[in-house]
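Proteins come first, then strands; the chains are lettered A, B, ... in the order of their sequence lines, and each starts at number 1. Because the structure is a prediction, the values reported are computed rather than measured.
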Amino acid sequence: MPAVHIHNTLTGELAEIKPIAGAAGPVTFYTCGPTVYDDAHIGNFRSFLNADILRRTIELTGTPVRHVMNITDVGHMTDDTNADGGGEDKMAVAGRRLIEAKKSGKIHADVAIDANDPMAIADFYANRFLEDARLLGLKVAIEAQSDPSLMPRPTKWISQMLDMIKQLIERGHAYVASDGAVYFNVKSFADYGELSGNTLENLREGEGGRISAQHQAVKKNPGDFMLWKPDPHHVLKWDSPYGAGYPGWHLECSAMAAGLLGAEIDIHSGGEDNIFPHHECEIAQSRCAHNKPSFARLWFHTRHLIVEGEKMSKSKGNFFTARDLFAKGVTPAALRLEITRTHYRTNANFTMQGLADCQRMIDRWSRVAEALQAKVSASGGAQNSAYANSASTTSANSKPNHGAPAGPFEIALPRFTQALCEDLNMARAIAVLNEAVAVEDNSACAHREVAALHKMDSVLGVLERNKRVAASGDGDFEAKVNALIEVRAAARRNKDFAASDRARDELVSLGVQIKDGAAGTTWTRAVRG
RNA sequence: GGCCGAGUACCCAAGUGGCCUAAGGGAACGGAUUGCAAAUCCGUGAUUCGUGGGUUCAAAUCCCACCUCGGCCUCCA
């Protein structure tokens, strides 16, 4: 098996993934997950899904991965002018927004949620996130159903964070300032800036316009960042030796990564905007608290997604959440492919056209998978669904023909794997698969072919997700469509083509696309931009 | 001001010194199929890689300058 090589933000070079635990693994992998005071948008999902593609690629090469992704339910303030704490908790704002949404009917009024309870709001959005994530095939979210510890919440890790603060103060890396807050002293850590290249000298104080003079005055260095903020009035607060308050927002990942994966881990991922300050600060805290030469060996960062050539923003109307798109009839498979097929280190341009392109590719792969599976069934093999994972295709009653020559998919698999191993070259991997799809070969062993195809899909993760997400009201809609299709069929039997075309036009105006096949007419809901 | 990416056909997007007269997908066009469509299948498709210089026997790929776009510089995937 080829080794996986990935660009390491820390060194700027391609690095081979060699598990700290030894060749047998597992690779320890921590991903900075979502904050849950609103629905995640497709840009968020691009970075989560790229992490998913990476972990699946490592698994494809035979190395197990222990992947942890947090769900942040604490510690984020709205007050832009004051990044050192204070302002309003975003959960409180989210609560007000929820009340508004209920009033305006954007959310079903029967959603039972106390908008004044920050934890209820966090749970509400966390559950919506998990729904979207599972539909999109984010493996860690699927695994977390049986092992919730894989998706930890910072509110359950406060004591570990306080332990880290204690360590940092004892080792001389942190101090309690005159305003009562605990700060990390960036000058105490020589490597501060190693990840982002933002040396302390080059950081322009207040360039982002989010630092208040008041807080700067009590800090030893302008770059010092908060570890604990005493604030007895805050909506979420915990007791601590520094007064009741809440933790700094960088601390959670350091504490949870160490607690669940170890003081040193193999891979840490996030969006490019996390590089500084978040990940820089995590490195400083973790290395200083645990006295280790490194925190994560490899830093994996996904660049931002733009939409139709423009930065995604609510005001431009090009802001999409996954569920927005599912409601338009976009399949999870198409969305997953569209936002992961562009190399993770370039800005991806999300377009409705691109979504349609992906859907066509996936439909073709699905047809081929089904045809292969039909051959397997016909030869008395396993009666597994075409969507079953590759392991099941080698079940006891399948009969692979070991004498048959390697077919196009079996030949493609190592090339596909190689492409992904070279810094996740998705475009080339997809091209390899498409080339295999175009080859007609009836002499190959269908069992082995279907296994190879599903092996490739174990990374792409699209075949089992190529169906629309059902929405409420679908039943009535379906009945209406089926009635129109019957009207059209009757008209066609009578050769009344004017009438049949009228029925078809009506279906089209309902957003339905029909296909006349050998087994009658089938339909799909067209995706509307 | 500092740091970091990107500009390849109508669109998305590989390729990073010779196998490139540039992969793959979509759109478009032509053909098969169809009552007509849609879907499907087959075929066609950049002598050229943001602009201008340079290095080299050889450049989309290396160097320099410039233009354009995006990210970060203590909310952000």
Side-chain angles (χ1 to χ4, degrees), chain A residues 9 12 31-35 40-51 76-84 87 90 186 193 196-199 201-211 215-216 222-226 248-250 269-278 280-281 301-306 308-312 337-338 341-343 345-351 353-361 363-364 367 419 425-435 437-438 440 492 495-498 500-501 504-505 507-508 513-517 521-524 526:
Chain A
T9 308
T31 293
C32 280
T35 47
H41 57 69
I42 55 174
N44 300 125
F45 274 113
R46 167 143 127 117
S47 91
F48 305 146
L49 289 177
N50 271 132
H76 289 253
M77 303 299 124
T78 54
D79 194 340
D80 281 358
T81 62
N82 189 349
D84 295 311
K90 286 191 176 174
V186 291
S196 61
N198 283 327
T199 61
E201 301 76 63
N202 285 336
L203 279 173
R204 278 196 172 189
E205 187 183 336
E207 185 69 12
R210 294 162 196 157
I211 297 177
H215 285 87
Q216 287 307 84
D224 290 356
F225 55 91
M226 194 189 78
W249 69 285
H250 307 303
S269 81
E272 61 175 320
D273 55 312
N274 279 156
I275 296 171
F276 191 92
H278 187 49
E280 197 73 77
C281 295
H301 291 105
T302 294
R303 300 227 164 262
H304 281 176
L305 182 77
I306 58 175
E308 307 284 355
E310 285 194 277
K311 198 169 154 180
M312 182 163 64
L337 191 63
E338 167 67 359
R341 67 176 171 149
T342 303
H343 191 257
R345 263 184 305 114
T346 64
N347 289 114
N349 187 13
F350 173 89
T351 61
Q353 178 60 249
L355 216 41
D357 293 358
C358 287
Q359 188 61 62
R360 284 180 84 103
M361 273 193 274
D363 285 344
R364 184 175 300 144
R367 278 195 303 277
N425 192 334
M426 282 287 278
R428 208 168 83 212
I430 291 167
V432 166
L433 174 52
N434 278 324
E435 282 165 11
V437 164
E440 186 83 33
R492 291 182 75 209
K495 306 256 185 240
D496 182 357
F497 296 122
S500 77
D501 287 351
R504 184 170 66 202
D505 289 345
L507 284 161
V508 168
Q513 220 164 47
I514 54 168
K515 296 177 194 176
D516 292 334
T521 300
T522 58
W523 63 277
T524 51

Please measure how far the [atom1] atom in [N] lies from the corresponding atom in [M], and state the result in whole Å.
{"N": "rU44(B)", "M": "rA23(B)", "atom1": "P", "value": "12 Å"}
{"N": "rA39(B)", "M": "rC73(B)", "atom1": "P", "value": "45 Å"}
{"N": "rA46(B)", "M": "rC10(B)", "atom1": "P", "value": "11 Å"}
{"N": "rA65(B)", "M": "rC3(B)", "atom1": "P", "value": "13 Å"}
{"N": "rC12(B)", "M": "rA6(B)", "atom1": "C1'", "value": "15 Å"}
{"N": "rU51(B)", "M": "rU68(B)", "atom1": "P", "value": "15 Å"}
{"N": "rC19(B)", "M": "rG25(B)", "atom1": "C1'", "value": "24 Å"}
{"N": "rC62(B)", "M": "rG18(B)", "atom1": "P", "value": "11 Å"}

Can you tell me the distance, in whole Å, between the [atom1] atom of [X] and the [atom2] atom of [N]?
{"X": "Met312(A)", "N": "rG70(B)", "atom1": "CE", "atom2": "C1'", "value": "14 Å"}
{"X": "Ile275(A)", "N": "rC4(B)", "atom1": "CD1", "atom2": "P", "value": "11 Å"}
{"X": "Glu272(A)", "N": "rA6(B)", "atom1": "CD", "atom2": "C1'", "value": "11 Å"}
{"X": "Arg46(A)", "N": "rG5(B)", "atom1": "CZ", "atom2": "C1'", "value": "12 Å"}
{"X": "His304(A)", "N": "rC72(B)", "atom1": "NE2", "atom2": "P", "value": "6 Å"}
{"X": "Glu310(A)", "N": "rU68(B)", "atom1": "CD", "atom2": "P", "value": "18 Å"}
{"X": "Arg303(A)", "N": "rG71(B)", "atom1": "CZ", "atom2": "C1'", "value": "7 Å"}
{"X": "Lys311(A)", "N": "rG70(B)", "atom1": "NZ", "atom2": "C1'", "value": "9 Å"}

Practice task
Locate the shortest heavy-atom distance separating Glu280(A) from Gly197(A); write the atom from each residue and the value.
Solution key: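 Answer, listing the atom of Glu280(A) first, then Gly197(A): OE1-N, 4.4 Å.
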
Handout entry: Nearest heavy atoms of Ser196(A) and Phe276(A), plus distance in Å
Key = OG-CD1, 3.3 Å

Exercise for the section: Would you mind classifying the nucleic acid contact of Leu433(A) as base, sugar-phosphate or nothing, using non-hydrogen atoms under 4.0 angstrom? Expected result: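 No contact at all - Leu433(A) keeps every heavy atom at 4.0 Å or more from the nucleic acid.
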
Exercise for the section: Looking at every strand, decide which applies to Lys495(A) at a 4.0 Å heavy-atom threshold: base, sugar-phosphate, or nothing. Expected result: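 If one applies the 4.0 Å heavy-atom cut-off, Lys495(A) turns out to touch nothing in the nucleic acid.
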
Handout entry: Phosphate-side-chain proximity, Asn44(A) and rA77(B), N/O vs OP1/OP2 below 4.0 Å
Key = yes

Exercise for the section: Can you tell me which stems involve RNA chain B, if a stem is defined as three or more consecutive Watson-Crick or G-U wobble pairs, both distances under 3.5 Å? Expected result: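 Listed by first number, the stems are B:1-7 with B:67-73, B:10-12 with B:24-26, B:28-32 with B:40-44, B:50-54 with B:62-66.
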
Problem - ring-ring contact (aromatic ring centres under 6.0 Å, His included) against His301(A), all qualifying residues, sequence neighbours excluded - result: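 For His301(A) the ring-ring contact (aromatic ring centres under 6.0 Å, His included) partners, ignoring immediate neighbours, are His279(A).
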
Handout entry: By ring-ring contact (aromatic ring centres under 6.0 Å, His included) - contacts of His41(A) (at least two apart)
Key =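 If we apply the ring-ring contact (aromatic ring centres under 6.0 Å, His included) test to His41(A), skipping adjacent residues, the hits are Phe319(A).
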
Output a table of nitrogen or oxygen pairs between the protein and nucleotides 48-51 of chain B separated by less than 3.5 Å.
none

Exercise for the section: Can you figure out which of rA23(B), rA77(B), rC72(B) approaches the side chain of Phe276(A) most closely? Expected result: rC72(B)

Can you list the residues that meet the side-chain hydrogen bond (donor to acceptor under 3.5 Å, both in side chains) rule with [X], with sequence neighbours excluded?
{"X": "Asp363(A)", "value": "Gln359(A), Asn466(A)"}
{"X": "Thr521(A)", "value": "Asp516(A)"}
{"X": "Asp273(A)", "value": "His304(A)"}

Practice task
Give a yes or no on whether the backbone of Thr524(A) and the side-chain of Gln513(A) come within a donor-acceptor separation of less than 3.5 Å.
Solution key: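 Flag not set: sc Gln513(A) to bb Thr524(A) has no pair under 3.5 Å.
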
Exercise for the section: Using atom types as modelled and distance alone, determine if a side-chain donor or acceptor of Asn50(A) lies under 3.5 Å from a backbone N or O of Thr302(A). Expected result: no

Completion exercise
Rounded to the nearest 0.5 angstrom, the CE-CG distance for Met312(A) and Leu305(A) is 6.0 Å

Exercise for the section: Supply the atom-to-atom distance Glu338(A) CD to Cys358(A) SG, rounded to the nearest 0.5 angstrom. Expected result: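 Between atom CD of Glu338(A) and atom SG of Cys358(A) there are 4.5 Å.
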
Output one line per pair: protein atom, nucleotide atom from nucleotides 12-14 of chain B, and distance, for all N/O pairs under 3.5 Å.
{"residue": "rC12(B)", "atom": "OP1", "partner": "Asn349(A)", "partner atom": "ND2", "Å": "3.3"}
{"residue": "rC12(B)", "atom": "O2'", "partner": "Arg341(A)", "partner atom": "NH2", "Å": "3.1"}
{"residue": "rA14(B)", "atom": "OP1", "partner": "His343(A)", "partner atom": "N", "Å": "3.3"}
{"residue": "rA14(B)", "atom": "O3'", "partner": "Asn425(A)", "partner atom": "ND2", "Å": "3.3"}

Practice task
At under 4.0 Å between heavy atoms, which parts of nucleotides 29-41 of chain B does protein reach? Answer with one letter per nucleotide, 5' to 3': B base, S sugar-phosphate only, - none.
Solution key: ------BBBBSSS

Results of side chain to side chain contact (heavy atoms under 4.5 Å, CB included) for [X] - residues two or more places apart only:
{"X": "Ile306(A)", "answer": "Asn349(A)"}
{"X": "Arg303(A)", "answer": "Arg46(A), Glu272(A), Asn347(A)"}
{"X": "Glu308(A)", "answer": "Thr351(A), Met352(A)"}

Practice task
Please state whether the rings of Phe225(A) and His250(A) are parallel, tilted or perpendicular, taking 30° and 60° as the class boundaries.
Solution key: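 Ring orientation, 0 to 90° scale: perpendicular.
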
Problem - 5′-ward residue of the pair Asn274(A)/His250(A) relative to RNA chain B - result: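 Upstream on the strand: His250(A).
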
